[in-house]
Amino acid sequence: MKFRYAMVCSSNQNRSMEAHSLLKKQGFDVSSYGTGAHVKLPGPSLREPNVYEFGTPYKYMFDDLRKKDSELYKRNGILTMLKRNASVKLAPQRWQENAVDGVFDVVLTFEEKVFDMVIEDLHNRDQVLLKAVLVINLEVKDNHDEAAVGAKHTLDLCQEIEKAESWEESIDEIITGFENKHRRKLLYSVSFY
């Protein structure tokens, strides 16, 4: 694979990790991140989410939630999701703190708010390399079924980008082809490192 990819959602749990897992299995150079202030997972009620710091290992979250209410978190798929996440990487990472990971060629987000935060963060960084980075938003609802569909669409889009000699010259055709094939609109922007 010739490009480096970053998958970004709010908490680096569901949408970004489903895509990260699928692309990693297909041999892509891929990382994933969240843009939130904290990692939030559903709790016993909407007003009682489980909140963790970025960098807290997925295994710790798994064990913590299994102790709190194994039946609830098994039923709502959170334990299965955390098990998958732990097989991909150690812990959720925050996009705004990823400079040490180097530069990416393509960043995919799964929510417009996250897309805006990534663009803002890239604009606030020192742009010394003047290396272009393509940022694309594919809107995906934050549930397990939609994350699986979104990951397949992400794989399809990344495979099309990989086929291009230069994404800079063919991105309009790639985006139009994707939108026609999947009947989903994409937002995209070019930023710089």
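What you are looking at is a predicted structure, and each value in this text was computed from that prediction instead of being measured.
Ion pairing between a basic and an acidic side chain is recognised when a charged N comes within 4.0 Å of a carboxylate O; Asp69 and Lys74 show no such pairing. Salt-bridge annotation for Asp64 and Lys67: absent, with no side-chain N of the basic residue lying under 4.0 Å from a carboxylate O of the acidic one. A salt bridge links Lys163 to Glu160: one of the charged nitrogens lies within less than 4.0 Å of a carboxylate oxygen. A salt bridge links Lys59 with Asp63: the closest approach of a Lys/Arg side-chain nitrogen to an acidic carboxylate oxygen falls below 4.0 angstrom. The pair Asp29-Lys2 fails the salt-bridge criterion, with no side-chain N (NZ, NE, NH1 or NH2) lying under 4.0 Å from an Asp/Glu carboxylate O.
In this structure, a donor-acceptor pair under 3.5 Å is absent between the side chains of Gln13 and Tyr52. Side-chain contact annotation: Ser170 with Glu173, donor-acceptor N/O pair under 3.5 Å absent. Of the N and O atoms on the side chains of Glu139 and Asn137, at least one donor lies less than 3.5 Å from an acceptor on the other residue. With 3.5 Å as the limit, one finds a donor-acceptor pair spanning the side chains of Trp95 and Asp121.
By the 4.5 Å heavy-atom criterion applied to side chains, Tyr188 and Ile175 are counted as neighbours. Within the 4.5 Å cutoff, side-chain heavy atoms of Val149 are placed close to those of Arg184. The closest side-chain heavy-atom distance from Ile174 to Ile161 is below 4.5 Å. Between Pro42 and Ile78 there is a side-chain heavy-atom pair separated by less than 4.5 Å. With contacts defined as side-chain heavy-atom distances shorter than 4.5 Å, the pair His144/Met81 qualifies. At a threshold of 4.5 Å between non-hydrogen side-chain atoms, the residues Asn50 and Leu65 count as touching. Side-chain contact between Tyr5 and Asp105 is absent, with no heavy-atom pair separated by less than 4.5 Å. When side chains are defined from C-beta on, Val135 counts as touching Leu122, because their heavy atoms get closer than 4.5 Å.
Remark: side-chain polar atoms of Ser11 are paired, donor with acceptor, to backbone N or O of Lys40 under 3.5 angstrom. Distance alone, capped at 3.5 Å, places no donor-acceptor pair between the Gln26 side chain and the Leu155 backbone. With hydrogens and angles disregarded, no donor-acceptor distance shorter than 3.5 Å links the side chain of Lys68 to the backbone of Tyr73. Put simply, the side chain of Glu111 never gets that close to the backbone of Cys9: no donor and acceptor are under 3.5 Å apart. Under a 3.5 Å cut-off, the side chain of Gln96 and the backbone N or O of Thr35 do form a donor-acceptor pair. Under a 3.5 Å cut-off, the side chain of Asn143 and the backbone N or O of Asp145 do form a donor-acceptor pair. In this structure a side-chain-to-backbone donor-acceptor pair under 3.5 Å is missing from Asn98 to Asp101. Looking at Thr176, its side chain does come within 3.5 Å of a backbone N or O of Asp172 through a donor-acceptor pair.
In this structure, the separation between CG on Asn12 and NE2 on His20 is 8.5 Å, given to the nearest 0.5 Å. To the nearest 0.5 Å, atoms CG (Asn76) and CG (Leu72) are separated by 5.0 Å. Here Tyr193 contributes atom OH and Leu130 contributes atom CG; the two are 13.5 Å apart, rounded to the nearest 0.5 Å. Here Leu82 contributes atom CG and Tyr58 contributes atom OH; the two are 8.5 Å apart, rounded to the nearest 0.5 Å. Annotation: the span from Ser16 atom OG to Asp142 atom CG amounts to 9.0 Å, rounded to 0.5 Å. From His182, atom NE2 reaches atom CG of Leu186 across 9.0 Å, with rounding to the nearest 0.5 Å.
Across all their heavy atoms, Val114 and Ser10 have their closest contact at CG2-N, 3.9 Å. Nearest heavy atoms, Met7 versus Cys158: CE-SG, 4.4 Å. Across all their heavy atoms, Gly36 and Arg94 have their closest contact at O-NE, 2.7 Å. Summarising the geometry of Ser70 relative to Leu79, their closest heavy-atom pair is O-CD1, 3.8 Å, with the distance given to 0.1 Å. Shown here for Gln93 and Ser32, the closest heavy-atom pair between the two residues is OE1-O, 3.7 Å. Contact between Ser31 and Arg4 at its shortest, heavy atoms only, is OG-NH2, 4.0 Å.
Using a 4.5 Å cut-off between side-chain heavy atoms of Ile, Leu, Val, Met, Phe, Trp and Tyr, with links allowed through other members, Val140 and Leu134 fall into the same hydrophobic cluster. Residues Met117 and Val39 do not share a hydrophobic cluster, defined by chaining ILVMFWY side chains whose heavy atoms lie under 4.5 Å apart. Residues Phe62 and Tyr60 share a hydrophobic cluster, clusters being chains of Ile/Leu/Val/Met/Phe/Trp/Tyr side chains in contact below 4.5 Å. With hydrophobic clusters built from ILVMFWY side chains whose heavy atoms lie under 4.5 angstrom apart, Phe28 does not share a cluster with Met17. By the criterion of side-chain heavy atoms lying less than 4.5 angstrom apart, applied directly or through intervening Ile, Leu, Val, Met, Phe, Trp or Tyr residues, Ile119 is grouped together with Val107 in one hydrophobic cluster.
For NZ of Lys131, the number of neighbouring non-hydrogen atoms (other residues, nucleotides, ligands) closer than 6.0 Å is greater than 12. Atom CD of Glu165 is surrounded by 12 or fewer heavy atoms from other residues, nucleotides or ligands within 6.0 Å. Counting heavy-atom neighbours within 6.0 Å of His153 NE2, excluding the residue itself, gives a total above 12.
Tested against Leu157 for a side-chain contact (heavy atoms from CB on, under 4.5 Å), the candidates Val106, Leu138, Leu108 yield a single pass: Leu108. Screening Lys152, Arg84, Lys24, Lys25 for a salt bridge (charged side-chain N to carboxylate O under 4.0 Å, His left out) involving Glu18 leaves a single residue, Arg84.
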His123 and Phe192: CA distance, side-chain angles, deciding distance, side-chain contact (heavy atoms from CB on, under 4.5 Å) verdict: CA-CA 8 Å; His123 287 191; Phe192 294 89; over 6 Å; no
side-chain contact (heavy atoms from CB on, under 4.5 Å) evaluation trace for Phe54 with His38: CA-CA 6 Å; Phe54 279 95; His38 304 282; 5.5 Å; no
side-chain contact (heavy atoms from CB on, under 4.5 Å) assessment of Val103 paired with Val133: CA-CA 8 Å; Val103 299; Val133 54; over 6 Å; no
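A cation-pi arrangement is absent between Arg15 and Phe110 under the rule of less than 6.0 angstrom and at most 45 degrees off the ring axis. Within the cation-pi definition used here (under 6.0 Å to the ring centroid, within 45° of the axis), Lys89 qualifies as a partner of Tyr33.
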